[in-house]
Amino acid sequence: MTDSRHTPRRRAQGELEAQVLAALRTADAPVSAGWVRDRVSGDLAYTTVLTILARLHAKDAVTRRREGRSFVWTPVADEAGLAAFKMRKVLDSGPDREAVLASFVTALPESDEQLLRDLLRGAGPDADEDADGEKGTD
């Protein structure tokens with residue numbers, strides 16, 4: 001029988017990526033993988049941090065720039081932008097975009113559904129139109 005007090009906890013899927021992105025968002029400028037490693041909880045190997053950063057780069061969640069012999073890293077977006085990016089990825093990967101969107105909207109609380117409607121009204125090319133499609137007079 002194993003002693004669970006000494007067995008490291010298994011991380012949830014995406015937990016390390018989230019921690020790395022959170023650390024990157026606190027930086028004032030592009031940072032090295034070593035800088036990220038120092039700020040992420042746990043005893044991660046430097047190579048693990050590099051792997052996570054490479055995966056985030058492949059997902060277009062971070063950018064990198066060569067500086068000397070290594071790279072410095074920057075998050076692409078803030079938390080809201082990253083969440084929107086993930087939502088678009090899910091939509092793009094599904095076989096029936098309309099069904100996914102319909103399911104998402106119908107599962108929203110009424111206040112969020114109304115917020116989404118308000119945002120859509122303001123975001124379209126005819127932002128001055130009211131709910132009936134008529135041009136506003138303001």
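Values below: every heavy atom of this structure, side chains too, minus hydrogens, waters and symmetry copies. Residues take their numbers from the sequence shown, with the count starting at 1.
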[X], [Y]: one ILVMFWY side-chain cluster at the under-4.5 Å cut-off?
X      : Y      : result
Leu16  : Val76  : no
Val40  : Ile52  : yes
Leu101 : Leu119 : no
Leu50  : Leu44  : no

Can you confirm whether [X] sits close enough to [Y] that some side-chain heavy atom of one is under 4.5 Å from a side-chain heavy atom of the other?
X     : Y     : answer
Val62 : Leu24 : yes
Arg39 : Gln19 : no
Val72 : Val31 : no

Any donor-acceptor N/O pair, Thr51 side chain to Thr47 backbone, under 3.5 Å:
yes
Without swapping roles, check the side chain of Arg65 against the backbone of Phe71 for a donor-acceptor pair under 3.5 Å.
no
Holding to salt bridge (Lys or Arg N to Asp or Glu O under 4.0 Å), I want the full list of residues that pass it with Arg55, two or more places apart in sequence or in another chain.
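For Arg55 there are no salt bridge (Lys or Arg N to Asp or Glu O under 4.0 Å) partners, ignoring immediate neighbours.
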Heavy-atom pair of closest approach, residues [X] and [Y]:
X     : Y     : answer
Arg25 : Ala77 : CD-O, 4.2 Å
Ala27 : Trp35 : CB-CH2, 3.6 Å
Arg37 : Tyr46 : NE-N, 3.6 Å

Apply side chain to side chain donor-acceptor pair (under 3.5 Å) to Arg66 and list each qualifying residue two or more places apart in sequence or on a separate chain.
none
When rounded to the nearest 0.5 angstrom, what distance separates CZ in Arg64 from CG in Leu56?
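These two atoms lie 12.0 Å from each other.
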Output a table of donor-acceptor pairs, distance under 3.5 Å, between side-chain atoms of residues 105-118 and any protein atom two or more places apart or on a different chain; print 'none' if there are none.
from: Thr106; atom 1: OG1; to: Ala102; atom 2: O; distance (Å): 3.0
from: Thr106; atom 1: OG1; to: Ser103; atom 2: O; distance (Å): 3.1
from: Glu113; atom 1: OE2; to: Arg117; atom 2: NH2; distance (Å): 2.7
from: Gln114; atom 1: NE2; to: Asp118; atom 2: OD1; distance (Å): 2.8
from: Asp118; atom 1: OD1; to: Arg121; atom 2: NH1; distance (Å): 2.9

